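Beneath this line is the structure, given in structure tokens, with notes to follow.
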Amino acid sequence: MVIELRNEGLSLRQIASRLAHQGIRTAKGGMWTAAAVRRVSVPEVECVKFSQESA
């Protein structure tokens with residue numbers, strides 16, 4: 001769902017707001033934030049690349 005909303009051009013904040021209004025919680029039961037949306041929308045390859053660059 002997050003990827004589809006992102007592809008529609010919604011900002012991270014707009015996606016977080018839409019998820020909250022629909023009563024959808026994060027995997028840990030929390031509220032969505034722009035940072036949480038970014039974490040689930042960034043491809044795993046980029047996450048690995050970022051963590052390797054940070055090391």
Side-chain angles (χ1 to χ4, degrees):
M1 175 180 215
V2 171
I3 302 301
E4 290 84 3
L5 294 172
R6 194 70 173 133
N7 288 339
E8 290 178 20
L10 273 67
S11 71
L12 298 174
R13 286 183 184 173
Q14 289 171 321
I15 295 170
S17 177
R18 185 172 291 189
L19 293 170
H21 280 85
Q22 292 180 356
I24 300 171
R25 299 284 185 142
T26 65
K28 293 184 178 183
M31 296 299 292
W32 285 96
T33 63
V37 172
R38 184 181 338 107
R39 281 192 295 273
V40 300
S41 64
V42 172
E44 187 175 328
V45 173
E46 289 186 29
C47 292
V48 171
K49 180 181 174 187
F50 177 74
S51 66
Q52 289 173 346
E53 290 175 355
S54 298

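Owing to the predicted nature of the structure, the values given are computational and were not obtained by experimental measurement.
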Chi angles and distances behind the side chain to side chain contact (heavy atoms under 4.5 Å, CB included) call for Arg6, Leu12: CA-CA 8 Å; Arg6 194 70 173 133; Leu12 298 174; 3.8 Å; yes

Heavy-atom pair with the smallest gap, counting every atom of Ala16 and Ala34: CB-N, 4.1 Å

Val37-Met31 co-clustered via ILVMFWY side chain contacts under 4.5 Å: no

Side chain to side chain, Met1 and Leu19, heavy atoms closer than 4.5 Å: yes

Worked check of side chain to side chain contact (heavy atoms under 4.5 Å, CB included) between His21 and Arg18: CA-CA 5 Å; His21 280 85; Arg18 185 172 291 189; 5.8 Å; no

Donor-acceptor contact present, side-chain Trp32 to main-chain Ile15, <3.5 Å: no

